[in-house]
Amino acid sequence: MIAIGSDHAGFPLKEKVKAFLDEKGIAYTDVGCFTPERYDYAISAQKACDKVVSGECDKAILCCGTGVGISMAANKVKGIRACCCSDYFSAKLTRAHNDANVLCIGDRVIGAGLACELVDVFLNTEFEGGRHQSRVDQITAIENGEKLY
Ligand code: RB5
């Protein structure tokens, strides 16, 4: 199960990504927003990320105007590794190397075609582990207030 959410600026892109997920037969839960009226991105970020951290959802897709604000909010939730992506390589590598569990995309930055490609590669790339595991562990250590130096 995938959580999907947006603010008002990301709402049109969220709806297009949902159509893509429907086409692919990928189950999702939409945490809103549900209209183009003003809706602040931190609320959707927290709602979607809470579902990932609880285990109800495996990953989340978040949309705002740039993808940036909603990724900043998402990364404040303990256990979340969110990446704002506008290119294919980053969307793939943030899974393979960073074990990202949230993809953030910007309606005002990329078109729906590219956005769906990013979603597709993000959802279909496995974390490589190995030498990358200890680096992800260091991110978690920072989150837990530990000093790395
Ligand atoms: C909303 O106007 C816009 O600021 C927001 O969607 C996002 O781009 C922030 O990072």
Side-chain angles (χ1 to χ4, degrees), residues 1-125 127 132 135-146 148:
M1 179 70 71
I2 302 300
I4 187 163
S6 74
D7 71 352
H8 55 284
F11 174 72
L13 185 59
K14 171 169 71 71
E15 296 306 301
K16 290 169 194 159
V17 170
K18 278 166 59 183
F20 173 77
L21 295 174
D22 286 336
E23 246 175 56
K24 294 272 177 186
I26 298 169
Y28 59 84
T29 176
D30 187 353
V31 302
C33 59
F34 300 107
T35 73
E37 301 310 307
R38 179 185 161 157
Y39 193 90
D40 294 332
Y41 54 79
I43 303 167
S44 300
Q46 192 174 44
K47 281 185 178 177
C49 291
D50 282 352
K51 287 185 184 297
V52 174
V53 171
S54 74
E56 182 183 336
C57 293
D58 308 310
K59 296 188 183 72
I61 309 293
L62 294 173
C63 312
C64 71
T66 57
V68 174
I70 207 159
S71 68
M72 288 180 169
N75 276 316
K76 294 296 178 190
V77 178
K78 205 171 164 152
I80 292 300
R81 288 177 301 281
C83 185
C84 177
C85 293
S86 306
D87 70 280
Y88 187 90
F89 188 71
S90 299
K92 185 176 172 71
L93 270 287
T94 201
R95 283 288 312 129
H97 290 188
N98 315 127
D99 199 16
N101 47 16
V102 178
L103 174 69
C104 302
I105 44 182
D107 184 273
R108 297 171 180 164
V109 181
I110 58 173
L114 176 57
C116 293
E117 288 289 313
L118 303 189
V119 168
D120 196 40
V121 74
F122 183 82
L123 296 181
N124 288 300
T125 303
F127 176 50
H132 303 294
R135 296 162 183 161
V136 172
D137 291 344
Q138 287 174 334
I139 296 173
T140 305
I142 294 173
E143 190 175 67
N144 290 333
E146 294 171 32
L148 300 181

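Everything numeric in this text was worked out from a predicted model, so none of it was measured. These numbers come from the heavy atoms of this one structure, side chains and all, not from hydrogens, waters or symmetry mates. Numbering of ligands and ligand atoms starts at 1, following listing order.
When hydrogens are left out, the protein atom nearest atom 9 (C) of ligand 1 is Y41 CE2, 3.6 Å; that is the closest non-hydrogen contact. Shortest contact from atom 8 (O) of ligand 1 to any protein heavy atom: T66 N, 3.0 Å. Looking only at heavy atoms of the protein, atom 10 (O) of ligand 1 is closest to G69 N, 2.8 Å.
Within the 4.0 Å heavy-atom criterion, both parts of C64, backbone and side chain, lie near ligand 1. With a 4.0 Å heavy-atom cut-off, ligand 1 is reached by the side chain of R108 but not by its N, CA, C or O.
Atoms of ligand 1 found under 4.0 Å from any heavy atom of D7, numbered from 1 in the order shown, are 1 (C), 5 (C), 6 (O). Residue-ligand proximity, A9 to ligand 1, at heavy-atom distances under 4.0 Å covers atoms 6 (O). Ligand-side atoms of ligand 1 in range of G65: 5 (C), 6 (O), 7 (C), 8 (O), range being under 4.0 angstrom from any heavy atom.
In this structure, the side chain of Q46 does not engage the main chain of A73 through any donor-acceptor pair within 3.5 Å. Formation of a donor-acceptor pair under 3.5 Å by the D40 side chain with backbone atoms of I43 is not found in this model.
Contact check for V77 versus V52: no side-chain heavy atoms found under the 4.5 Å cut-off.
Of the residues C64, C63, C84, the one that meets the side-chain contact (heavy atoms from CB on, under 4.5 Å) test with I105 is C63. When each of L118, I70, N75 is tested with C104 by the rule side-chain contact (heavy atoms from CB on, under 4.5 Å), just one qualifies, namely I70.
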